[in-house]
Number of protein chains: 2
Amino acid sequence: MTEEDSFDLRDFLPFLLNQAAEESSLEFQQVYKDRFGMLRTEWRVLFHLGMYGELTAKEIGERAKIHKTKISRAVAKLAQRRYLTRTRDANDRRSERLALTTAGRAVYRELRGVAQTYDARLAAQFTTGEAALLRMMLRRLAGME
Amino acid sequence: MTEEDSFDLRDFLPFLLNQAAEESSLEFQQVYKDRFGMLRTEWRVLFHLGMYGELTAKEIGERAKIHKTKISRAVAKLAQRRYLTRTRDANDRRSERLALTTAGRAVYRELRGVAQTYDARLAAQFTTGEAALLRMMLRRLAGME
DNA sequence: ACCTAATAGTTGATTTTGTAACTAACAAGG
DNA sequence: CCTTGTTAGTTACAAAATCAACTATTAGGT
């Protein structure tokens with residue numbers, strides 16, 4: 001009854017995932033933060049618009065599971081920096097269609113390049129098969145299937 | 001020159017890791033937050049002391065890569081709730097040895113049980129081999145090898 | 001011993017996030 | 001057309017994280 005359940009915090013998935021996420025974001029964070037003065041939500045919004053074209057705030061929120069207040073603030077900042085424009089949707093004037101400006105697209109392409117290189121470096125720690133499996137498992141854990 | 005680099009945000013490891021970490025922490029968070037009124041750093045400190053016994057704030061910070069101000073505040077709150085005691089180290093009176101009280105150990109054991117069950121449920125989405133590989137890869141990404 | 005640098009931990013000010021309440025616009029039933 | 005309810009997005013306030021400056025103590029030269 002010595003209650004010696006073998007439990008190691010270092011194997012606990014929520015902990016492990018957090019540590020890995022934090023560590024593996026550090027260098028990329030440096031780029032979008034220090035070099036572009038952006039916040040996490042901001043580059044995410046930028047990437048969504050860069051990848052999928054015009055979207056509303058709500059659509060971005062659904063795809064990336066980001067709360068609407070965060071998005072609202074990120075969009076405000078990106079608009080203020082002239083990285084995107086907002087146009088009221090004629091059919092539903094509550095929402096607005098967001099689109100990157102030329103400047104926004106330029107920043108997106110630059111950041112995307114950084115992201116690609118960075119991701120490749122992370123994945124290089126594993127075999128191709130392992131990396132693919134990892135992404136699959138993470139997608140499942142994230143509920144993004 | 002159509003700049004059609006195939007890049008999918010949904011495959012980008014830092015993004016994927018963050019989403020998985022967030023999603024997979026939600027339910028456990030509910031327990032330590034709603035049921036025990038704890039913050040993330042607080043249960044982590046509790047677990048470190050529960051698992052490794054007496055430690056200083058600095059040692060916890062090193063093991064879990066948590067910043068000292070966060071630890072300082074977490075320790076203060078845990079001490080205030082009588083989950084741990086602090087004793088000045090006789091050899092170096094700048095630091096203090098932290099140890100769980102009986103109450104602290106009880107909470108630790110209870111939370112550990114929840115964590116174990118929860119972790120098992122997460123891992124059950126994969127084969128045993130896959131889960132082991134996942135933990136290995138996460139440890140490597142987290143720089144915890 | 002004495003001066004400077006380093007270390008453990010705390011505190012306060014600033015930023016960022018989270019939560020709830022709000023405005024404006026649409027929708028559907030009577 | 002009016003209620004009542006819902007939805008897109010914003011704003012205000014509270015909670016928490018981050019960063020810099022601070023205290024107390026130790027360590028290492030000289």
Side-chain angles (χ1 to χ4, degrees), chain A residues 18-19 21-23 25-26 29-30 32-34 36-46 48-49 54-81 84-99, chain B residues 18-19 21-23 25-30 32-34 36-46 48-49 54-81 84-99:
Chain A
N18 255 294
Q19 298 289 112
E22 234 165 82
E23 182 63 28
S25 301
L26 266 177
Q29 183 174 99
Q30 229 109 70
Y32 68 70
K33 209 170 171 183
D34 298 351
F36 293 93
M38 279 192 201
L39 251 31
R40 205 165 53 125
T41 310
E42 289 162 26
W43 78 257
R44 286 186 180 189
V45 167
L46 188 87
H48 274 267
L49 294 172
E54 250 185 33
L55 291 171
T56 66
K58 197 201 174 198
E59 287 163 344
I60 298 176
E62 279 163 358
R63 289 177 193 249
K65 284 199 196 136
I66 305 178
H67 194 267
K68 58 181 182 171
T69 63
K70 267 196 195 171
I71 300 203
S72 173
R73 293 194 254 246
V75 167
K77 205 146 152 209
L78 292 172
Q80 175 197 318
R81 296 203 181 162
L84 61 78
T85 55
R86 341 164 75 154
T87 18
R88 286 244 158 260
D89 185 325
N91 295 63
D92 183 345
R93 306 209 349 272
R94 285 171 303 183
S95 65
E96 31 190 29
R97 318 237 23 112
L98 307 170
Chain B
N18 256 295
Q19 299 288 112
E22 234 163 84
E23 182 64 28
S25 300
L26 267 177
E27 278 184 62
F28 185 60
Q29 183 174 99
Q30 230 108 71
Y32 68 70
K33 208 170 170 182
D34 299 351
F36 293 93
M38 279 194 202
L39 251 31
R40 203 164 55 124
T41 310
E42 289 162 27
W43 77 257
R44 287 187 179 189
V45 167
L46 189 87
H48 275 268
L49 294 172
E54 250 185 33
L55 290 171
T56 66
K58 198 202 173 196
E59 287 164 343
I60 298 176
E62 280 163 357
R63 287 177 193 250
K65 286 198 195 136
I66 306 177
H67 194 267
K68 58 182 182 171
T69 62
K70 268 194 198 172
I71 300 203
S72 173
R73 286 172 171 130
V75 167
K77 204 144 152 211
L78 292 172
Q80 176 197 316
R81 296 200 182 165
L84 61 78
T85 56
R86 343 163 74 155
T87 20
R88 286 244 158 260
D89 185 326
N91 294 63
D92 183 344
R93 307 211 346 273
R94 285 171 302 184
S95 65
E96 32 189 29
R97 318 239 23 114
L98 307 170

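Each chain gets a letter, A, B and so on, in the order the sequences are listed, and its residues count up from 1. Keep in mind that this is a model prediction, so the values were computed, not measured.
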Practice prompt. Would you indicate, yes or no, if D/dT10 has its OP1 or OP2 atom less than 4.0 angstrom from a side-chain nitrogen or oxygen of A/Ser72?
Written response: yes
Item to complete: To the nearest Å, give me how far apart CZ (B/Arg88) and P (C/dT10) are.
Response: 8 Å
Practice prompt. Name the residue closer to the 5' end of DNA chain C, choosing between A/Lys33 and A/Asn91 according to the nucleotide with the nearest heavy atom.
Written response: A/Lys33
Practice prompt. Check every strand shown and say whether B/Lys68 touches a base, only sugar-phosphate, or nothing at a heavy-atom separation below 4.0 Å.
Written response: base
Item to complete: Starting at atom NE2 of A/His67, determine the distance to atom C1' of D/dA8, rounded to an integer number of angstrom.
Response: 12 Å
Worksheet, complete the sentence: Rounded to whole Å, the CD1-C1' distance (A/Ile71 to D/dA8) equals 11 Å
Worksheet item: Less than 6.0 Å separating the ring centroids of A/Trp43 and A/Phe36?
Response: no
Discussion item. When you measure from the side-chain N and O atoms of A/Lys70 to the phosphate of C/dT16, is any distance below 4.0 Å, counting only OP1 and OP2?
Written reply: no
Practice prompt. Grab the CG-C1' distance between B/Leu26 and C/dG18 for me, whole Å please.
Written response: 13 Å
Worksheet item: So, does the side chain of B/Arg73 form a donor-acceptor pair with the base of C/dG12 at under 3.5 Å?
Response: yes
Worksheet item: Can you tell me if the side-chain N/O atoms of A/Lys58 get under 4.0 Å from OP1 or OP2 in D/dG9?
Response: no
Worksheet item: In whole angstrom, what separates A/Asp92's CG from C/dA27's P?
Response: 7 Å
Practice prompt. Specify the separation, in whole Å, of atom CG of A/Leu55 and atom P of D/dA8.
Written response: 14 Å
Discussion item. Without decimals, in angstroms, what is the distance between A/Glu22 CD and D/dA17 P?
Written reply: 11 Å
Item to complete: Would you kindly check whether a donor in the side chain of B/Arg93 faces an acceptor in the base of C/dG9, or vice versa, at under 3.5 angstrom?
Response: no
Discussion item. Mind checking if A/Thr69 touches a base, just sugar-phosphate, or nothing, with heavy atoms under 4.0 Å?
Written reply: base
Worksheet item: Below 4.0 angstrom from OP1 or OP2 of D/dA8, is there any side-chain N or O of A/Ser95?
Response: no
Worksheet item: Could you give the CZ-to-P distance, from A/Arg94 to D/dG5, as a whole number of Å?
Response: 17 Å
Discussion item. When you compare the side chain of A/Arg63 with that of A/Leu55, does any pair of heavy atoms fall below 4.5 Å?
Written reply: yes
Fill in: A/Glu42 and A/Lys77 ion-paired at < 4.0 Å
yes
Worksheet item: Atom CZ of A/Arg86 and atom CZ of A/Arg88: how far apart are they, to the nearest 0.5 Å?
Response: 8.0 Å
Practice prompt. Check whether any side-chain heavy atom of A/Arg40 lies under 4.5 Å from a side-chain heavy atom of A/Lys70, and answer yes or no.
Written response: yes
Worksheet item: NA contact type, A/Leu39, heavy-atom cut-off 4.0 Å: base, sugar-phosphate, or nothing?
Response: sugar-phosphate
Worksheet item: Hey, does B/Arg86 reach any base, or is it just sugar-phosphate, or nothing, if we go heavy atoms under 4.0 Å?
Response: sugar-phosphate
